[in-house]
Amino acid sequence: MSLAPPLYGLMAEFDTPEAVLAAARRAYARGYRRMDAYTPFPVEGLSEAIGFQHTCLPLLVLIAGLVGAIVGFASQYYATVIDYPLNVGGRPLNSWPSYIPITFEVVILFAALTAVVGMIALNGLPMPYHPVFNVPAFSGASRDRFFLCIEATDPLFDREATQRFLEGLGPREVSEVEQ
Amino acid sequence: MNHPEARLPEVDHLRRRSLVVGVAALALCAGGAVFDPPEFFHAYLTAYLFWIGIALGCLAILMLHHLVSGRWGFVIQRLLESGCRTLPLMALLFVPLLFGLRELFLWARPEAVAAEAILRHRQPYLNGPFFSARVVLYFAVWITLASLLSKWSLEQDRTAAPDLTRRLTCLSGPGLILYGLTVTFAAFDWVMTLGPQWHSTIFGAVFMVGQGLAALCFVVVVSARLADRGPLSAVMSPQHFHDLGNLILAFVMLWAYMAFSQYLIIWSGNLQDEIPWYLHRMRHGWFWLAMALIVFHFVVPFMLLLSRVAKRRARILFGVAAGLLVMRFVDLYFLVVPALHPERLSIHWMDVVAPVGVGGIWLWAFLGHLRGKALVPLHDPRFAGMSEPAHEA
């Protein structure tokens with residue numbers, strides 16, 4: 001009695017960025033949604049072709065920047081007006097022009113940290129294991145091969161039909177990806 | 001990826017109309033000059049600075065493009081070349097200002113110089129003949145650069161010689177340095193010395209950033225019109241507008257950064273000869289103009305241009321760029337006119353008519369230089385390589 005290992009998906013291997021882009025467009029048009037493409041360098045239009053929506057990262061960065069502005073300004077205001085008022089050269093206590101450079105720095109700090117940490121977190125990193133590496137040829141994805149993987153969780157996924165569909169796209173090879 | 005079919009449609013009608021409007025508006029101003037010379041010269045100087053700012057900004061962005069050769073540059077290269085080829089016309093339009101030195105500058109009035117030690121001290125540099133000689137020098141540099149850059153580029157359209165690209169790049173490096181030096185001195189000569197004592201070392205840089213911003217906004221306005229069912233619709237993609245929008249965003253931030261640096265340093269120093277410049281501009285209604293600059297020259301365009309959608313849609317970017325052009329004029333107005341009216345916000349009818357006059361003639365020349373040429377360079381080897389899509393992301 002042999003139990004087939006659970007399947008993560010089916011992966012097609014292509015030689016050129018144009019081929020994987022065309023394949024991704026056709027897979028999307030066929031109705032597949034749970035899929036991903038793997039390429040050695042960014043291919044223009046590919047993320048749109050697999051239906052990748054914009055992330056919420058820009059909004060998070062904007063909010064972090066605004067919070068940074070408030071924190072930066074308020075902490076200086078608190079220090080120089082409320083907690084320790086000091087007359088410097090006859091200037092008003094609330095000398096807002098001199099707060100601006102530090103406020104600006106705090107905005108950049110908050111926004112940049114949020115961008116880096118948010119990017120890592122939204123990508124699900126760190127990820128020590130990913131099933132696609134079970135395919136021996138996948139090491140080509142960091143050299144000169146282009147991959148499109150349709151995942152088994154896709155509602156349209158069917159072991160035979162999806163295999164036939166991928167083979168119809170003209171790949172070098174279609175492989176099973178073990179879970 | 002060459003588009004020899006991308007040419008300007010029939011613009012003779014538009015050219016004639018802008019020339020008629022320009023000449024009529026300047027004739028009106030000439031009438032006004034008889035009755036109120038100081039108002040005329042300040043209005044004319046502001047209008048002149050606005051339009052030459054676009055022309056010089058085109059020159060600077062063009063040289064920047066030849067040095068870095070980004071994808072954004074090739075689609076606006078012909079617009080930039082036509083923009084900076086208006087510089088000989090601008091040299092001609094400078095002549096009226098030479099008759100208004102006494103009305104504009106304290107250092108050109110002998111009685112004021114006799115009364116002020118600092119003006120006597122500056123007399124060897126700030127005097128009529130040397131001022132005029134410097135104007136001639138600035139224009140010699142600018143016109144030489146502009147005509148060589150556009151001549152070689154058009155020669156490449158005809159002969160397809162690839163080595164002309166190298167020549168353009170080699171001229172652009174030293175050219176940008178010369179641009180930086182001449183514009184800094186011109187900004188000091190033409191604007192900073194309007195006030196009796198005020199000085200700011202960052203002023204030339206603020207001026208250059210303003211020119212670059214004005215030129216980018218101008219070419220975005222023109223190319224958005226040409227891309228909207230026009231001859232550039234096959235050439236300009238959302239990606240190009242995205243790049244140009246990012247550049248405008250960068251220039252908006254740089255302008256705000258420098259303008260604020262100047263304010264912060266003078267505010268901190270609180271010195272007697274520097275601070276009145278800002279005190280006049282923060283009272284008597286000029287305050288509202290300062291607020292308008294902060295909000296509409298920085299906050300609003302900055303917020304709008306953060307959005308990816310706003311940068312990729314030509315119509316939205318067109319609106320932002322047109323608004324920024326208006327604010328460029330307001331910024332120059334804020335620099336020049338308070339020198340004449342430090343005590344009250346003043347808008348004379350000539351302040352509105354003079355920019356229309358100079359602008360009408362300028363647009364007539366600009367469209368004339370653009371007419372009949374391919375709207376994108378035909379044989380630039382760098383541009384040809386950009387049709388490969390794979391590495392463009």
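Every value quoted in this text rests on a predicted model; they were computed, and no experiment measured them. Reminder, nothing fancy here: chain letters follow the sequence lines and each chain counts from 1.
- Counting heavy atoms of neighbouring residues, nucleotides and ligands inside a 6.0 Å radius, atom OH of B:Y257 does not exceed 12 of them.
- Judged as a side-chain hydrogen bond (donor to acceptor under 3.5 Å, both in side chains), the pairs with a partner in residues 97-125 of chain A (not counting sequence neighbours) are, in order, A:Q76-A:T103, A:T80-A:Y99.
- Proximity of A:I100 to B:L264: side-chain heavy atoms (C-beta onward) are nowhere separated by under 4.5 Å.
- A:S95 touches chain B through backbone and side chain together, each having a heavy atom under 4.5 Å away.
- Only the side chain of B:F260 comes within contact range of chain A, with at least one heavy atom under 4.5 Å from a heavy atom of that chain.
- Within 6.0 Å of atom CZ in B:R312, more than 12 heavy atoms from other residues, nucleotides or ligands are found, so the atom counts as buried in its surroundings.
- Looking at A:L21, there are no atoms closer than 4.5 Å to chain B (heavy atoms on both sides), in backbone or side chain.
- Partners of A:R34 under the side-chain contact (heavy atoms from CB on, under 4.5 Å) rule, at least two apart in sequence or in another chain, are A:E151, A:T153, A:D154.
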